[in-house]
Amino acid sequence: MSTDEHTRDASGGAAGAVAPGDSYDPRAVQDKWQARWAELEPFRANDSADDPRERRYALDMFAYPSGDLHMGHAEAYAIGDVPARYWFQRGHNVLHPIGWDSFGLPAENAAIRRNSHPAEWTYTNIETQAASFRRYAPSLDWSRRLHTSDPEYYKWTQWLFLRFYERGLAYRKGGQVNWCPNDQTVLANEQVVGGHCERCGALVERRVLTQWYFRITRYADRLLDDMKQLEGNWPDRVLLMQRNWIGRSTGADVDFVIEGRDEPVTVFTTRPDTLYGATFFVVAADAPLAAEICAPEQRAEFEAYREQVSRESEIDRLSTEREKTGVFLGRYAINPVNGERMPVWASDYVLAEYGHGAIMAVPAHDQRDLDFARAFDLPVRVVVDTGEPDPAETGVATAGDGRLVNSGPLDGLAKAEAIARIIEILEDKGLGRASVNFRLRDWLVSRQRFWGCPIPIIHCPSCGEVPVPDDQLPVTLPDNLRGADLAPKGTSPLAAAEDWVNVPCPSCGGAARRDSDTMDTFVDSSWYYFRYCSPHYEDGPFDVEQVRKWMPVDQYTGGVEHAILHLLYSRFFTKVLYDMGMVDFTEPFTRLLNQGQVILNGKAMSKSLGNMVDLGDQIAEHGVDVVRLAMLFSGPPEDDIDWADVSPHAMAKFLGRVHRIAGEVTAPVDADPATGDVALRRITHRTVEEVTGLVEAYRFNVAIARVMELVSAARRAIDSGPGPADPAVREAAETIAILLSLFAPYTAEESWSLLGRPAPVATAGWPVPDPALLVEDQVTCVVQVAGKVRDRLEVPPGIAADELERLALASDKVQAALGGTGIRKVIVRAPKIVNIVPA
RNA sequence: GCGGGCGUGGCGAAAUCGGCAUACGCGGCAGGUUUAGGUCCUGUUGGUGGAGACACUGUGGGGGUUCGAGUCCCCCCGCCCGCACCA
């Protein structure tokens with residue numbers, strides 16, 4: 001980008017003091033300072049071990065390069081920039097990097113439409129976004145920029161895949177998977193939202209396919225337990241969502257003999273105490289077990305039912321008030337504790353993928369089982385007396401605590417005791433055992449699309465799966481595919497690229513084929529924050545020493561849409577790297593902030609609704625600082641911002657007031673603030689004290705409100721107080737510039753410059769309040785009679801309680817309010833409040 | 001259905017501990033500057049009553065604890081989010 005006429009005009013015209021009434025245009029100073037900052041590079045992190053400064057790592061979720069930056073980016077990066085800039089001001093060695101999550105479907109779809117290669121669209125958009133980032137001016141270290149679609153990056157994604165493979169954490173298996181018919185690829189469970197594709201919204205189908213998985217379930221317990229480290233520093237709702245997603249249930253496995261089958265069938269139950277109340281047995285209709293054990297005379301009916309179940313759409317499956325359906329399999333299971341014969345049914349209300357795909361049904365104490373029992377007229381037996389009415393009559397299962405009945409050795413026990421006892425009994429007899437089950441499934445990572453990281457595995461007819469040797473990484477994508485070559489066909493487009501896919505087997509040298517799937521882009525983004533610590537490192541995915549110094553991330557800022565996707569996967573990756581001895585911590589992100597959304601008139605902005613507010617237009621109209629300030633001032637960072645409610649004009653007015661004050665200061669640069677007006681100095685120092693606390697507590701909207709109050713105080717000091725030559729006015733103006741540098745960097749820099757200080761203001765140093773100026777010499781004490789404010793007293797802050805009580809009772813207003821009635825009690829909380837309770 | 005969160009002026013929102021409810025900003029009203037409009041500056045602005053000092057009232061509704069409740073406890077109403085047959 002070249003310096004243009006506009007730049008020279010702006011910098012030339014802004015020199016000298018600004019006369020009252022001159023209006024300040026935040027846009028006019030942007031190009032000048034952007035160029036200056038590019039020279040100064042104030043935000044470069046220092047890797048060297050002898051830098052004594054404390055280190056901080058501020059991370060924003062990196063961008064997907066779809067078009068230009070939008071309003072959502074503007075909010076997220078304005079918010080994430082505040083703690084980073086605060087740390088720079090505090091003199092820390094800050095790592096605040098940026099990069100692009102640049103593999104993914106939109107690039108591929110664009111390439112198909114334009115008959116081009118996805119790289120063209122991707123890297124063009126990255127450059128557009130990079131230029132917008134530079135203008136928007138977050139405090140980024142540009143020397144660490146990375147793109148996940150660069151071979152230098154995805155070489156290490158492949159390297160990590162192979163390490164996972166060696167450890168048994170990456171494996172291939174066949175089974176039912178989620179299939180998006182629109183994107184023509186499989187999806188992870190985490191990418192199916194309410195039965196729809198998380199990305200395109202299409203209704204997801206079930207297919208039976210062989211796919212690659214990461215064994216995240218092996219880490220289920222640790223993913224759950226380590227959340228203790230995050231409590232208080234991550235939003236509660238994210239922790240809750242992850243807990244629910246992992247879905248740990250404790251209970252027991254119980255083995256049931258099925259008549260005519262050699263191997264017993266195991267079921268999982270959270271209520272082994274109700275074992276004597278089991279009256280039937282249900283197998284998932286789509287589980288292989290159902291087909292296997294179905295008796296010949298029931299075969300036709302079962303097949304018809306299974307056919308019906310397989311045709312059900314996700315919508316049917318998800319509808320809340322569903323009638324229970326099922327079919328008797330003509331077989332019986334034996335209850336291991338009382339020998340009772342229970343009919344075995346197949347139904348779709350039992351899930352093949354959870355537990356063992358089969359359950360013991362206890363209709364009296366489980367609502368789903370009761371619904372099924374009532375639909376098919378199966379017996380209901382109460383074994384826990386909860387004091388509630390009979391479920392067989394009410395249709396309401398009693399799931400609560402109570403005394404066990406009709407349960408042999410368990411009779412009379414409470415629920416918890418009964419659970420412990422029955423597990424002992426089952427373990428003694430070898431018929432069952434305590435067990436834990438998770439809702440979490442392994443992470444399906446293979447995708448049948450082109451623009452992703454190739455899976456570094458070669459399939460050899462004689463050797464089977466053969467990893468690509470490390471020294472042959474990266475397996476790069478072919479660059480000769482265009483347009484229709486990339487169209488979704490239900491298998492990866494790479495499979496059709498004959499000269500790419502056909503390779504000799506690394507093991508036996510025979511003819512073999514590359515795995516033609518690519519990895520889920522969430523694999524790329526599960527480790528990028530490690531790479532930032534040593535982005536040009538060539539001997540591994542990251543330099544272990546640098547990661548040890550920079551990580552874990554102190555502050556991570558991004559959208560709540562990644563509450564279980566990216567954040568769960570990243571936590572998983574970190575634990576694997578810990579087990580590999582590559583990192584010395586188990587959680588990657590110490591503190592997490594989820595910013596809200598930018599909406600319009602109460603609705604999410606979307607192209608289909610046609611209610612998009614364009615960030616470029618907003619910046620062109622109001623300037624970067626106005627947009628950033630509006631994003632931060634409108635409310636708490638985690639709340640949504642309705643752009644219809646914000647007033648860019650008010651932000652511009654405020655910035656103009658700041659700029660005008662800076663231009664009016666006449667006290668020299670070296671004036672001693674100690675000789676200045678004490679009243680203004682008190683306000684300045686108290687503001688610093690408060691803003692410091694507010695920024696550290698992430699209450700940026702209130703912090704800005706306090707700066708506004710300081711600006712008003714400085715304005716009054718100039719107009720009707722000590723005047724612009726007072727050193728306290730300079731102190732206030734300089735303080736305003738530094739505080740404002742966290743929120744509106746251009747105006748802060750311009751003001752700093754008007755005050756005769758050298759750029760950059762960003763590292764000028766955070767002011768330290770003088771404790772002597774924070775001590776009030778008078779405080780207002782509120783005097784209440786019967787809880788109502790009747791008088792206010794100006795008193796010294798250290799006043800004694802009995803002295804304050806005497807003063808309060810001496811007040812005419814208090815005496816008037818008492819009106820001669822006696823006093824029952826006086827509560828004194830010196831020096832703030834006195835409450836007099838009349839008799 | 002289960003789990004979680006939130007209800008404060010006309011609007012966005014403040015109120016670390018239970019201690020002056022409504023900071024800051026928008027919008028409104030009044031005045032000043034200006035040829036005028038806009039900009040800019042000043043004052044004012046929860047509601048009801050009052051000319052006014054002031055009085056009463058007020059944080060979704062009801063009850064409780066407390067000298068004192070937006071804040072803590074119980075019940076109800078409304079809105080939002082997550083999960084959704086997970087045995």
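Heavy atoms only: backbone and side chains are in, while hydrogens, waters and symmetry mates are out. To find a chain, count down the sequence lines: A is the first, B the second, and so on, and within it residues start at 1.
- Note that Arg439(A) lies in the cation-pi zone of Trp245(A), set by a 6.0 Å cut-off to the ring centre and a 45° limit from the axis.
- Between rC67(B) and Arg829(A), no contact under 4.0 Å exists linking OP1 or OP2 to a side-chain N or O.
- A salt bridge links Arg715(A) to Asp719(A): at least one charged side-chain nitrogen sits closer than 4.0 Å to a carboxylate oxygen.
- Using a 4.0 Å heavy-atom criterion, one finds that Val826(A) contacts no nucleic acid atom at all.
- Looking at Phe376(A), Phe372(A), Trp345(A) one by one, the single match for ring pair (Phe, Tyr, Trp, His ring centres under 6.0 Å) with Phe280(A) turns out to be Phe372(A).
- Annotation: of the two residues near RNA chain B, Lys813(A) and Arg441(A), the 5′-most nearest-nucleotide partner is Lys813(A).
- Taking atom OH of residue Tyr354(A) and atom P of nucleotide rC83(B), one finds them 17 Å apart after rounding to whole Å.
- Side-chain N/O atoms of Arg824(A) and base N/O atoms of rC67(B) include no donor-acceptor pair closer than 3.5 Å.
- A salt bridge does not link Arg829(A) with Glu805(A): every distance from a Lys NZ or Arg NE/NH1/NH2 to an Asp or Glu carboxylate oxygen is 4.0 Å or more.
- Separating the CG atom of Asn244(A) from the P atom of rG82(B) is a distance of 12 Å, rounded to the nearest angstrom.
- Note that NZ of Lys228(A) and CG of Leu230(A) are 11.0 Å apart. Values are rounded to the nearest 0.5 Å.
- Checked against rA87(B), rG19(B), rG25(B), the side chain of Ile359(A) finds its nearest nucleotide in rA87(B).
- Under the 3.5 Å distance criterion, with hydrogens and angles disregarded, a donor-acceptor pair is assigned to the side chains of Thr747(A) and Asp625(A).
- Here, rG58(B) and rC40(B) have their C1' atoms 36 Å apart, quoted to the whole Å.
- Atom C1' of nucleotide rG12(B) and atom CG of Leu632(A) are separated by 14 Å, given to the nearest angstrom.
- Each of Ile833(A) and Phe268(A) was assigned the nucleotide of RNA chain B with the nearest heavy atom; the assignment lying further toward the 5' end belongs to Ile833(A).
- Glycosidic conformation at rC80(B) (O4'-C1'-N9-C4 for purines, O4'-C1'-N1-C2 for pyrimidines): anti, more than 90° from 0.
- Contact annotation for Val837(A): backbone-only contact, meaning every heavy-atom pair under 4.0 Å involves sugar-phosphate atoms and none involves a base.
- Put simply, CD on Glu638(A) is 11 Å from P on rC6(B), counting in whole angstrom units.
- Salt-bridge check for Arg682(A) with Glu689(A): failed, with every basic side-chain N at 4.0 Å or more from each acidic carboxylate O.
- In this structure, the nucleotide among rC85(B), rC67(B), rA87(B) sitting nearest to the side chain of Lys324(A) is rC85(B).
- Closest to the side chain of Val702(A), out of rA87(B), rA14(B), rG25(B), is rA14(B).
- For rG19(B) and rU71(B), the P atoms lie 11 Å apart once the distance is rounded to whole Å.
- Taking atom C1' in both rU42(B) and rG49(B), one finds a spacing of 30 Å when rounded to whole Å.
- Of the C1' atoms belonging to rG7(B) and rA21(B), the separation is 16 Å, rounded to the nearest Å.
- Lys832(A) has no side-chain polar atom (N or O) that falls below the 4.0 Å cut-off from OP1 or OP2 of rG19(B).
- Across the C1' atoms, rG70(B) and rC54(B) are found 26 Å apart, a figure rounded to whole Å.
- Side-chain N/O atoms of Arg790(A) include one lying less than 4.0 angstrom from OP1 or OP2 on rA55(B).
- Minimum atom distance to the side chain of Gln784(A) is reached by rC20(B), of the listed rA23(B), rC20(B), rA87(B).
- When each of rA13(B), rC83(B), rC11(B) is scored by its nearest atom to the side-chain atoms of Pro636(A), the top-ranked nucleotide is rA13(B).
- Among the nucleotides rC20(B), rC24(B), rC56(B), the one closest to any side-chain atom of Val789(A) is rC20(B).
- An OP1 or OP2 oxygen of rG25(B) is reached within less than 4.0 angstrom by no side-chain nitrogen or oxygen of Lys653(A).
- When the side-chain nitrogen and oxygen atoms of Ser249(A) are compared with OP1 and OP2 of rA87(B), one or more of them lie within a distance under 4.0 Å.
- Atoms CD1 (Ile704(A)) and P (rA23(B)) sit 18 Å apart, rounded to a whole Å.
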task: Take Glu664(A) and Arg657(A) through the test salt bridge (charged side-chain N to carboxylate O under 4.0 Å, His left out) and record every step on the way to the result.
output: CA-CA 11 Å; Glu664(A) 286 172 342; Arg657(A) 281 158 64 88; over 6 Å; no

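- Atom P of rC20(B) sits at a distance of 16 Å from the matching atom of rC72(B), rounded to the whole Å.
- Residues His365(A) and Thr274(A) bring no donor and acceptor atom of their side chains to less than 3.5 Å of each other.
- Rounding to whole angstrom units, CZ of residue Phe654(A) and P of rC40(B) are separated by 14 Å.
- Using a 4.0 Å cut-off between charged side-chain N and carboxylate O, Asp255(A) and Arg433(A) make a salt bridge.
- Contact between the side-chain N/O atoms of Lys788(A) and the OP1/OP2 oxygens of rC20(B) is not found at any separation under 4.0 Å.
- Base-pairing analysis of RNA chain B finds the following stems of at least three consecutive Watson-Crick or G-U pairs, with both pairing distances under 3.5 Å: B:1-7 with B:77-83, B:10-12 with B:24-26, B:27-32 with B:40-45, B:46-49 with B:54-57, B:60-64 with B:72-76.
- Neither side chain, Asp253(A) nor Thr266(A), offers a donor N or O lying under 3.5 Å from an acceptor on the other.
- Closest contact between the side chain of Arg792(A) and the listed nucleotides rC67(B), rC20(B), rA13(B) involves rC20(B).
- For Asn835(A), the side-chain atoms get nearest to rG19(B) when compared with the rest of rA84(B), rC20(B), rG19(B).
- Here, rC73(B) and rG1(B) have their P atoms 24 Å apart, quoted to the whole Å.
- At the phosphate of rG3(B), neither OP1 nor OP2 sits under 4.0 Å from any side-chain N or O atom of Arg237(A).
- The nearest whole Å value for the distance from the CG atom in Asp640(A) to the C1' atom in rC6(B) is 13 Å.
- We find that CG of Asp642(A) is positioned 19 Å from P of rC79(B), with the value rounded to whole Å.
- Among the nucleotides rU39(B), rC24(B), rG3(B), the one closest to any side-chain atom of His649(A) is rU39(B).
- For Asn701(A), no side-chain nitrogen or oxygen approaches OP1 or OP2 of rC24(B) to under 4.0 Å.
- Because its glycosidic torsion is more than 90° from 0, rG18(B) is reported here as anti.
- The side chain of Thr270(A) approaches rA87(B) more closely than any other nucleotide in the set rC24(B), rG19(B), rA87(B).
- Comparing the same atom, C1', in rC17(B) and in rG10(B) gives a spacing of 33 Å after rounding to whole Å.
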